[in-house]
Number of protein chains: 2
Amino acid sequence: MSDFFRSGSKGRTFKAFWDEMGNSVNLKELSQRLQLSQTTVSRALNGYPEVSPATRARVAEMAEQLGYMPNSQARRLATGRSMAIGHVIPRSIHEMMNPIFLEFIAGAGETYSKHGYDMILSVVEDADEEEAYRQIATRKKADGVIIHGPSRTEHRHKLLQGLNLPFVVHGRIPGAEEETSWIDMNNRRAFERATNLLLDLGHTRIALLNGLEYMDFAHRRREGFENALAARNLTADPELMRSADMTEPFGCDNAISMLRLDNPPTAFLVSSMITAIGVARAVGQCGLQTGKDVSIITHDDALSFLPNSGEVPIFTCTRSSVRYAGQKAAELLLDMISDPFQKPSSLHLDAELIIGQSTGPAP
Amino acid sequence: MSDFFRSGSKGRTFKAFWDEMGNSVNLKELSQRLQLSQTTVSRALNGYPEVSPATRARVAEMAEQLGYMPNSQARRLATGRSMAIGHVIPRSIHEMMNPIFLEFIAGAGETYSKHGYDMILSVVEDADEEEAYRQIATRKKADGVIIHGPSRTEHRHKLLQGLNLPFVVHGRIPGAEEETSWIDMNNRRAFERATNLLLDLGHTRIALLNGLEYMDFAHRRREGFENALAARNLTADPELMRSADMTEPFGCDNAISMLRLDNPPTAFLVSSMITAIGVARAVGQCGLQTGKDVSIITHDDALSFLPNSGEVPIFTCTRSSVRYAGQKAAELLLDMISDPFQKPSSLHLDAELIIGQSTGPAP
DNA sequence: ACCTTTATCCAAACCGCTTTGGATGCCAAC
DNA sequence: GTTGGCATCCAAAGCGGTTTGGATAAAGGT
């Protein structure tokens, strides 16, 4: 064995060899080859001060040569930190939040990678959600978790507080804003501004196609909508408000049925680009023109596969990057983990109101 | 301490207490409270035969009472299996495959949960992709990985074979079909059938809006398209073939420019629902009617937020559930892991050709 | 010249679990 | 009455790292 090693003069050879074998060196072997103790090698690699520069360099070089990487399970066990963040996705939520969720995940994932954390994703049956959190905490699968899509009657934070598992909420938990860390966009204000824009354009019959209103974000958006109307002494027509999963057909079907009313809406305020696309389709099918006969404002999560940019965006929108939110949420959480005695902190993002082609003065 | 334990007669109390503390029992404590060795307790809980039924029951009950769950890092270290599957997503791929990717992940995740596996997701810069795989293998972060979106000049499988890390390909690697395990739909045949349908309806000028053709799936789809044309002595007009990220604007912009040609296409064959929606928008904007003036067939990955079902689906499509593919890929991989000497196996799914509202005879 | 730092390095304990290689007691068999 | 076989259970040795509590030698202080 030692002959083999001596035979190769260039480090590359070793590494290539080991890689080809799928065989990795462990700390013990590495330290033996260096004639050093495991302690010293470990310290050298982890940047502790009690190692001479010369030794540290020697260790680093040999480690590089042999392609040494510490076994993560062993390290996690020894340090007691799992260096992973958990995301639990009940199937129902997942089906609903699909693309937005992924974009958030992508943002968070970037932050995790940057800090050496892993992301573990659990897709579970709705009924198993609590158990999933319990396992993450008890089996020490992750050092923290992110709560997705808080509802108006949220309870997960209680569970997590009980389990003593750090978490950050994407969105806000009504009534627990002070005691939890969260990141959210200003849903109410965004929809209030959007509504005002429509009102300023002369629209008075405005339809709202919202997400499921037991979700906190959707509820807030509706409040913003209603507040803006109320401020001008208008009141929302229940017939013009729908709330459901934000799919394309949801937008199309409801828009069609509303546009066929005796007193149809002249504008739509929509909670998601995908649904807005459905509305646009409906407008076309009714022989009308978007931005002329019918105005549409949608919330735009800045999903990469649904770009709404360009010189003049297709849709007038309230925009807030959910990927950015993911990055920030991850940063918040990693902060909390590194200092467990920090008090909760939050980030409130403001959506931009961007004028596109889909709005115009009321006909 | 022992007084505390004795005081609660109902198991619930203990569990609640521990949970509230976020304090979990370990094997040592559990075995001490049972007056048994760790060996016996471990064996009892893991179903080994050398434990008497009575003891096993006692152990099970106490474990339940104390809410004992084995620390996963410790278990992984001891068994040498990490009980996790890795998914590496370079940012570029991610941005392109966004919704399809998530749907696949969701399917795979269901299978993992069912089998007690975790999913670890790494979102990395493109340049770090190889390193990510190397780390997964060398640091033993996962027992296997899934390769997403193989290109025509794929190389990841070589790396993984070298690292001795089991993997399953979602899609196919040209030239390595025999030596790798994969799951794929029959892209070529699906697009051949779709093209034939259009030809049968009398269309001769058919446009192809394809995904990026350095990706294997897109290349195959194009082959299917061209084969079908060739079989009728037709040849594809390069001006009617585009290939790019499958976004909505990609569909809309290109459809518009094509429809404005002197000799415009009467039908579109599209690689993704999202792009097809863009095409439909373009058709509307040109004052034409989908399914009458212009026919559209799209591939439908059965994404949950873009349902294309109903009595008569909006789009005529070739459909294949990518979520199902995820489930199956995961099963394949877990099989491989449980029996490392298995030879590679694959699953070839056939897409359904479903007639919707978006096709009709050529005008 | 002697004692205290200081800089390096090491042996061994530990993290919490699985697993190997017995030990023990009991019963049927010779 | 010894022996062999079973059924149970256990002590201890890993797994591969990190970390504690010195040991050793060189440097510095008086």
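Since the structure is predicted, the reported quantities are computational estimates derived from the model, not experimental observations. Chain A is the first sequence line, chain B the second, and so forth, proteins listed ahead of strands; every chain is numbered from 1. Any value given below was found using the heavy atoms of this structure, including those in side chains, with hydrogens, waters and symmetry copies removed.
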Visitor: One thing to verify: whether A:R76 and A:D118 come together as a salt bridge, which I'm taking to mean a side-chain N less than 4.0 angstrom from a carboxylate O.
Guide: yes

Visitor: Taking the side chain as C-beta and beyond, is there a heavy-atom pair between B:L165 and B:V145 under 4.5 Å?
Guide: yes

Visitor: State plainly whether the residues B:R134 and B:E130 are in salt-bridge range, i.e. N to O under 4.0 Å.
Guide: yes

Visitor: Report yes if some heavy atom in the side chain of B:L333 is under 4.5 Å from a heavy atom in the side chain of B:T111; otherwise report no.
Guide: no

Visitor: Please report whether the ring centroid of B:H157 lies less than 6.0 Å from that of B:F167.
Guide: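 No, the ring centres sit 6.0 Å or more apart.
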
Visitor: Round to a whole Å and report the spacing from CD of A:E29 to P of D:dC15.
Guide: 11 Å

Visitor: Ignoring backbone atoms, test whether A:S42 places a side-chain nitrogen or oxygen under 4.0 Å from the OP1 or OP2 oxygen of D:dT18.
Guide: yes

Visitor: Given D:dC15, D:dG17, D:dC9, identify the nucleotide with an atom nearest to the side chain of A:Y68.
Guide: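 Nearest listed nucleotide: D:dG17.
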
Visitor: On DNA chain C, which is the earliest and which the latest nucleotide, 5' to 3', with an atom closer than 4.0 Å to a heavy atom of chain A?
Guide: C:dT8 to C:dG16

Visitor: Assess whether salt bridge (Lys or Arg N to Asp or Glu O under 4.0 Å) is satisfied between A:E61 and A:R58, documenting all intermediate values.
Guide: CA-CA 5 Å; A:E61 195 194 358; A:R58 239 183 87 224; over 6 Å; no

Visitor: More 5' along DNA chain D: B:A78 or B:S37, using each one's nearest nucleotide?
Guide: B:S37

Visitor: Side chains of B:Q73 and A:S82, heavy atoms from C-beta outward: is any pair under 4.5 Å?
Guide: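 Touching, per the 4.5 Å side-chain cut-off.
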
Visitor: Given atom CG of A:L27 and atom P of D:dT19, what is their separation to the nearest angstrom?
Guide: 13 Å

Visitor: Got A:R156 and A:Y133 here, is their nearest side-chain heavy-atom distance under 4.5 Å?
Guide: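 A:R156 reaches A:Y133 side chain to side chain.
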
Visitor: Tell me the interatomic distance from B:L34, atom CG, to D:dC9, atom C1', rounded to whole angstroms.
Guide: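 Roughly 13 Å, once rounded to whole Å.
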
Visitor: Between D:dT18 and A:N46, is there an OP1 or OP2 to side-chain N/O distance shorter than 4.0 Å?
Guide: yes

Visitor: Over all strands shown, is B:T55 touching base, sugar-phosphate only, or nothing at heavy-atom distances under 4.0 angstrom?
Guide: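 Sugar-phosphate, backbone atoms only, no base.
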
Visitor: How many Å lie between CD on A:Q73 and P on D:dT18, as a whole number?
Guide: 13 Å

Visitor: Which class fits the ring pair B:F101 and B:H148: parallel under 30°, tilted 30 to 60°, perpendicular over 60°?
Guide: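 Aromatic pair B:F101/B:H148 classed perpendicular.
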
Visitor: When the axes are fitted on five pairs at both termini, how much does the helix from C:dA1-D:dT30 to C:dC30-D:dG1 curve, in 10° steps?
Guide: 60°

Visitor: Could you check whether A:T79 gets within reach of a base, just the sugar-phosphate, or nothing at all, counting any heavy atom under 4.0 Å?
Guide: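 Sugar-phosphate, no base atom in range.
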
Visitor: Separation of B:L77 atom CG from D:dG14 atom C1', in whole Å?
Guide: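 It is 9 Å, rounded to the nearest whole Å.
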
Visitor: Would you say A:H87 and A:I120 make side-chain contact, with heavy atoms under 4.5 Å?
Guide: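 With C-beta onward as the side chain, the pair stays apart.
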
Visitor: How do B:A74 and B:V51 order along DNA chain D: which one's closest nucleotide is nearer the 5' end?
Guide: B:V51

Visitor: To the nearest Å, how far apart are B:R81 CZ and D:dC15 P?
Guide: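 These atoms are roughly 18 Å apart.
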
Visitor: Mind checking if B:S52 touches a base, just sugar-phosphate, or nothing, with heavy atoms under 4.0 Å?
Guide: sugar-phosphate

Visitor: Rounded to whole angstrom units, what separation is found between the CD atom of B:Q38 and the C1' atom of D:dA13?
Guide: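 The distance from CD of B:Q38 to C1' of D:dA13 comes to 13 Å, rounded to the nearest Å.
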
Visitor: Quick one: on DNA chain C, does B:N71 or A:E50 contact a more 5' nucleotide (nearest heavy atom)?
Guide: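 This one resolves to A:E50.
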
Visitor: Base, sugar-phosphate, or nothing: which does A:R76 touch, judged by heavy atoms less than 4.0 Å apart?
Guide: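 It contacts nothing in the nucleic acid.
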
Visitor: Starting at CG of A:N26 and ending at C1' of D:dG17, how long is that distance when rounded to a whole Å?
Guide: 9 Å

